[in-house]
Asks: 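Structure incoming, see below.
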Protein chains: 2
Amino acid sequence: MAARTARAEQVSATRELILTAAERLFAERGVNAVSNRQVSEAAGQGNNTAVGYHFGTKADLVRAIVRKHATQIEEIRARLLAGIGDSPDVRDWVDCLVRPVPQHLAALGGPTWYARFCAQIMTDPVLHQIVVEESLTSPSLRQIIDGLTACLPDLPPEVRAERGEMARHLIVQMPAERERALAENRPTPRATWDDAATGLADALVGLWLAPVANRP
Amino acid sequence: MAARTARAEQVSATRELILTAAERLFAERGVNAVSNRQVSEAAGQGNNTAVGYHFGTKADLVRAIVRKHATQIEEIRARLLAGIGDSPDVRDWVDCLVRPVPQHLAALGGPTWYARFCAQIMTDPVLHQIVVEESLTSPSLRQIIDGLTACLPDLPPEVRAERGEMARHLIVQMPAERERALAENRPTPRATWDDAATGLADALVGLWLAPVANRP
DNA sequence: CCGCTTTTAAGGCAGGTGATTGACTTGGCT
DNA sequence: AGCCAAGTCAATCACCTGCCTTAAAAGCGG
């Protein structure tokens, strides 16, 4: 199935070329600041409509980038999830939630752009919905959220929703921050992606277990 | 000093008109997706170069918007800071850190756009630096960070930096999230800006006090 | 070996962009 | 009163954008 014909191979190669070029440009200059033409040129395609041909609109291109990484991240997440069974420990579930993205970035090696790309998508009013559709449908993710919820039976549902949002933001933004520091040769609080994940998990456990102030 | 001349009054009025129109459009459609022309028109200026005249580039416009709010937020922060003296309680310092933005948004009343605007700026690779320059120079902010640091003498410096970044992200992103929900008539976990600030402060206290895993 | 489809290349088109320019309006100062 | 400068407006510039059309190239099936 893989490389069935020389033709199909070539096509998927240029698709990949466009995908990585777009990811890089989007991360470095901002999604809306980069035109499809620039992406095509950066991908080495003399054709200035290559993006439009292989993907459709820019939103479709963004979706394709998200999906490419999502499948790999999903694998990591499923593997971690299988490793903890139905632990009653909040820490285990938080680890499952936190580690997939940093582990994926570490596996990519070298300089990466995906975290910064994601951080931008998440705050863009129109692109935001795309990534929600693509990643929140993950069954393993829902399973982790349920498992974490079961560990925190005393937390009011609104507070749980609230802290879920906080966790989501940190899981996206902190890797982006580290990636940015790496790209600009600035020092990072942690030496490796794995250590960064540990630091983030530490903090999130504290966040989830924090007492709720009884309001007047 | 105020309204010294009818002319100066008119000028600052149109400046204000442009500022609020820009803030709204930027928040709703994305900073890079909105042209200076559109801002001028939305501000009721038949002139399509009004933005260019009163401010310079789009970056200068962004800076002006940030600065406008920053001064008011700075006032609130200074007032809160004065109220706690040199408390040894982490909670007091976190409150000082968290509450200024939600209080400012509450004071504005009606629908607001500033939080979403800020959330976008913070993730844009080029605009990011502007807001850092404008807000990190705040003396009261530095004072709060120092006070909080004094409450957490056992926390390793790298972890402190790391969790400071986390807190910064949440303080920007969570109000933006609430603002978005409000704008789209979605339910929010908390009824008021003040309650939202309390929830955020609860979580941040837990985050700061979380134990640090001793890595292998 | 040859027609065929898919992919890449190249250029044109209308519309929108930031920036600049000059003319007009309006309030302020002497 | 009358000039002056700040502010407003409209027109224009070169440039870039997405989209479209037309070729060329390169396997692929027969």
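We name chains A, B, ... by the order of the sequence lines, and we start the count at 1 in each one. This one's a predicted model, so the numbers in the text were calculated from it and none came from an experiment.
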Asks: Run through A:Y114, A:W113, A:F117 and flag the one making a ring pair (Phe, Tyr, Trp, His ring centres under 6.0 Å) with A:H69.
Replies: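 For A:H69, the ring pair (Phe, Tyr, Trp, His ring centres under 6.0 Å) check succeeds only for A:Y114.
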Asks: Would you say the side chain of B:R180 lies within less than 4.5 Å of the side chain of B:E177, judging by non-hydrogen atoms?
Replies: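 Counting from C-beta outward, B:E177 and B:R180 do come under 4.5 Å.
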Asks: Quick one: B:L17 CG to D:dT8 P, roughly how many Å, whole number?
Replies: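 Nearest whole value for this atom pair: 10 Å.
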Asks: Between A:E41 (CD) and C:dG11 (P), how many Å, whole number?
Replies: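 Value for this atom pair: 13 Å.
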Asks: Counting distance only, does the side-chain N/O of A:T49 pair as donor-acceptor with the main-chain N or O of A:G52 below 3.5 Å?
Replies: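 No; zero donor-acceptor contacts below 3.5 Å.
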Asks: So does B:R37 reach the base of C:dG16 with its side chain, donor to acceptor, closer than 3.5 Å?
Replies: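 Between C:dG16 and B:R37, which were checked side chain against base, a qualifying N/O pair under 3.5 Å is absent.
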Asks: Using atom CZ of A:R15 as one end and atom C1' of C:dT6 as the other, report the distance to the nearest whole Å.
Replies: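 Going from A:R15 (CZ) to C:dT6 (C1'), I get 14 Å.
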Asks: Grab the CG-P distance between A:N36 and C:dG16 for me, whole Å please.
Replies: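 To the nearest whole Å, that distance equals 18 Å.
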Asks: Between B:T57 (side chain) and B:A59 (backbone), is there a donor-acceptor pair under 3.5 Å?
Replies: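 Answer holds: yes.
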Asks: Do A:Q120 and A:N32 have side chains that approach each other closer than 4.5 Å (heavy atoms only, starting at C-beta)?
Replies: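 SC-SC contact between A:Q120 and A:N32 ruled out.
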Asks: Can you tell me how far P of C:dT17 sits from CG of B:L25, to the nearest Å?
Replies: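 So the CG-P distance, B:L25 to C:dT17, works out to 12 Å.
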Asks: Any donor-acceptor pair under 3.5 Å linking the side-chain atoms of A:T198 with those of A:R99?
Replies: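 Short answer, yes.
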Asks: Heavy-atom contacts under 4.0 Å between residues 47-63 of chain A and DNA chain C, which residues?
Replies: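 Within this stretch, A:N47, A:N48, A:Y53, A:H54 sit under 4.0 Å of the strand.
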Asks: Choosing from C:dA19, C:dT8, C:dG12, which nucleotide comes nearest the side chain of A:Q45?
Replies: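 When the side chain of A:Q45 is considered, C:dT8 is the closest of C:dA19, C:dT8, C:dG12.
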Asks: Is the shortest side-chain N/O distance from A:S35 to OP1 or OP2 of D:dT17 below 4.0 Å?
Replies: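 So the side-chain polar atoms of A:S35 do come within 4.0 Å of the phosphate oxygens OP1 or OP2 of D:dT17, strictly under.
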